[in-house]
Student: 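Below are the structure tokens for one structure; questions will follow.
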There are 2 protein chains.
Amino acid sequence: MASEPEGELLERFRRWLRDRHLPVTQQRDLVAQVLFAGDTQLSVDDVAARLRDRRTPVGLATVYRALDTLVEAGFARAHDFGEGFRRYEALRPGHQRGFLVCGRCGQVTEFPLERLERLLSLIADEHEFVAERHRVELHGTCSACRRREMGAIARAGRPR
Amino acid sequence: MASEPEGELLERFRRWLRDRHLPVTQQRDLVAQVLFAGDTQLSVDDVAARLRDRRTPVGLATVYRALDTLVEAGFARAHDFGEGFRRYEALRPGHQRGFLVCGRCGQVTEFPLERLERLLSLIADEHEFVAERHRVELHGTCSACRRREMGAIARAGRPR
DNA sequence: CTCTCTGCAAATGATTTGCAGCCTC
DNA sequence: GAGGCTGCAAATCATTTGCAGAGAG
């Protein structure tokens, strides 16, 4: 799918580090590679596990620190869906997405934000606010869970 | 400001409990009162502190449990702005708001979601998703911080 | 009475931090 | 070399949980 921009992002991240006279270490690079290769939100443990699978293990604390750096550099974004831990996502330019979060099964579906962007930037302007990124989540019930619940209600619907 | 709907919400919450044959305890009621009276997002400690100030202290664990119940009942909503703890907000019907979160100073400004709602429900429909609530956040820089930063850049802007 | 809640203290679990040694530049 | 990383283990801290006693219906 998105195999093209991966190396480009990586190169841009390295450049960002060099520009700040920060060392381009193997571990930071590895974390960035895994994040940029992933197509979804990854938890810190996900990242660590993938690195372990690649036979290039990196300490948990280092993964945390590398992800923080990526966020600070603007190449990643942290999400919190209330699971008790964070998820990180590569931030590809112009690839903003919103989320449909099912409160029953926890499934997260994505959708493009394009249609909302005009309105969002208008709102930001009205508040003299410079928005760098948006977060849009719709919380509710996905079609599968709704079907399941409607069945349950029909079955248990009458008292006694 | 919103002194009218407060008692109404409280009464609806009590009814919700009774309907499920759950006891309407003083502690749950107190937590609900504080949450419904607050005009902003309250942390668990905020709620506990206000209860302490009111001379009706409630144990922290109980506050957590009461807030969970309120969320489950649909009268409250949990937010996570990445501060390391959650904030809870009373969920008044038809009073959905979005947030402008300043990454510099952490200030959170609210704005009404009305203009976005048509589009959001359209998107939900397209995914056969039943949305109960929305979360819209714009992350960036508020006008005050931007002004401050622009000043700093102007001062240090030229190399050498 | 029965069932659920409450409060305390202890447990949990994600994230952070201190520090000695290692690696980039 | 110097300064910033890394890894480990210990520290933090919000949130959760177990359990004995209290309260609502």
Side-chain angles (χ1 to χ4, degrees), chain A residues 10-11 13-35 41-49 51-52 54-73 76-88 106, chain B residues 10-11 13-35 41-49 51-52 54-73 76-88 106:
Chain A
L10 206 54
E11 196 43 61
F13 176 49
R14 293 187 188 124
R15 202 177 314 143
W16 185 89
L17 290 170
R18 282 190 218 105
D19 288 351
R20 313 203 143 204
H21 302 289
L22 296 174
V24 178
T25 62
Q26 210 168 74
Q27 288 89 336
R28 281 213 266 235
D29 216 69
L30 288 165
V31 170
Q33 280 175 36
V34 166
L35 189 70
Q41 290 76 34
L42 298 177
S43 69
V44 172
D45 278 320
D46 289 339
V47 173
L51 288 168
R52 228 178 296 118
R54 280 191 180 195
R55 301 250 138 209
T56 53
V58 174
L60 253 192
T62 302
V63 175
Y64 274 103
R65 289 185 278 224
L67 287 171
D68 282 350
T69 305
L70 281 159
V71 168
E72 200 188 328
R77 177 182 176 182
H79 287 289
D80 194 314
F81 294 119
E83 300 165 292
F85 55 86
R86 293 181 214 131
R87 287 180 178 281
Y88 292 83
Chain B
L10 206 55
E11 196 44 63
F13 177 48
R14 293 186 188 125
R15 204 177 314 142
W16 185 89
L17 290 170
R18 282 189 220 106
D19 287 350
R20 313 202 143 206
H21 302 290
L22 296 175
V24 179
T25 63
Q26 209 166 72
Q27 288 89 334
R28 280 212 268 237
D29 216 70
L30 288 165
V31 170
Q33 280 174 36
V34 166
L35 188 71
Q41 290 76 35
L42 299 176
S43 69
V44 172
D45 278 319
D46 290 339
V47 173
L51 288 168
R52 228 177 296 118
R54 280 191 178 193
R55 302 250 137 209
T56 52
V58 173
L60 253 193
T62 302
V63 175
Y64 273 104
R65 288 185 279 225
L67 287 171
D68 282 351
T69 306
L70 280 159
V71 169
E72 200 188 328
R77 176 181 175 181
H79 288 289
D80 194 315
F81 293 119
E83 301 165 292
F85 55 85
R86 292 181 215 130
R87 289 180 176 279
Y88 291 82

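Letters A, B, ... are given to chains in the order of the sequence lines, protein chains preceding strands, and every chain is numbered from 1. The model shown is predicted, which means the values in this text are computed figures rather than measured ones.
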Student: Which residues within residues 60-71 of chain A lie with some heavy atom under 4.0 Å of an atom in DNA chain D?
Tutor: A:Ala61, A:Thr62, A:Arg65
Student: Taking the axis from the first five pairs and the axis from the last five, what angle separates them in the helix from C:dC1-D:dG25 to C:dC25-D:dG1, rounded to 10 degrees?
Tutor: 40°
Student: Would you please name every residue forming a salt bridge (Lys or Arg N to Asp or Glu O under 4.0 Å) with A:Arg77, sequence neighbours left out?
Tutor: none
Student: Please list, in 5' to 3' order, the outermost nucleotides of DNA chain C lying under 4.0 Å from any heavy atom of chain B.
Tutor: C:dT4 to C:dC8
Student: Can you tell me how far apart CG (A:Leu42) and NE2 (A:His79) are? Round to the nearest 0.5 Å.
Tutor: 10.5 Å
Student: Which atoms form the tightest heavy-atom contact between B:Ala76 and B:Leu35, and what is the distance?
Tutor: CB-CD2, 3.5 Å
Student: What residues, two or more places apart in sequence or in another chain, satisfy ring pair (Phe, Tyr, Trp, His ring centres under 6.0 Å) together with B:Phe13?
Tutor: B:Phe75
Student: Taking DNA chain D as the partner, which of residues 14-29 of chain A come within under 4.0 angstrom of it by heavy atom?
Tutor: A:Leu22, A:Pro23, A:Thr25, A:Gln27, A:Arg28
Student: Evaluate the criterion side chain to side chain contact (heavy atoms under 4.5 Å, CB included) for residue pair A:Asp80 and A:Arg87; output intermediate values, then yes/no.
Tutor: CA-CA 6 Å; A:Asp80 194 314; A:Arg87 287 180 178 281; over 6 Å; no
Student: Round to a whole Å and report the spacing from CD of B:Glu83 to P of D:dT15.
Tutor: 10 Å
Student: Could you tabulate the donor-acceptor pairs under 3.5 Å formed by side-chain atoms of residues 19-30 of chain B, not counting sequence neighbours?
Tutor:
unit_1	atom_1	unit_2	atom_2	d
B:Thr25	OG1	B:Arg28	N	3.3
B:Arg28	NH2	B:Pro23	O	3.0
B:Asp29	OD1	B:Arg14	NE	2.8
B:Asp29	OD2	B:Arg14	NH2	2.8
B:Asp29	OD2	B:Gln33	NE2	3.1

Student: Would you please name every residue forming a side chain to side chain contact (heavy atoms under 4.5 Å, CB included) with A:Val44, sequence neighbours left out?
Tutor: A:Leu60, A:Val63, A:Tyr64, A:Leu67, A:Tyr88
Student: For A:Thr56, give me all partners under side chain to side chain donor-acceptor pair (under 3.5 Å), at least two apart in sequence or on another chain.
Tutor: none
Student: What pairs with A:Arg65 under salt bridge (Lys or Arg N to Asp or Glu O under 4.0 Å), at least two apart in sequence or on another chain?
Tutor: none
Student: Who passes salt bridge (Lys or Arg N to Asp or Glu O under 4.0 Å) against B:Glu72, sequence neighbours left out?
Tutor: none
Student: Whole Å only: how far is the CZ atom of B:Arg87 from the C1' atom of D:dA14?
Tutor: 13 Å
Student: Quick check: closest heavy atoms across A:Ala32 and A:Leu70, and the distance to 0.1 Å?
Tutor: CA-CD1, 4.0 Å
Student: Going by the rule ring pair (Phe, Tyr, Trp, His ring centres under 6.0 Å), which residues pair with A:Phe85 if we only count those two or more places apart in sequence or in a different chain?
Tutor: none
Student: Tell me: CG of A:Leu30 to C1' of D:dG7, nearest whole Å?
Tutor: 15 Å
Student: When you look at B:Leu17 and B:Thr69, which way does the side chain to side chain contact (heavy atoms under 4.5 Å, CB included) test go after all the steps?
Tutor: CA-CA 9 Å; B:Leu17 290 170; B:Thr69 306; 4.2 Å; yes
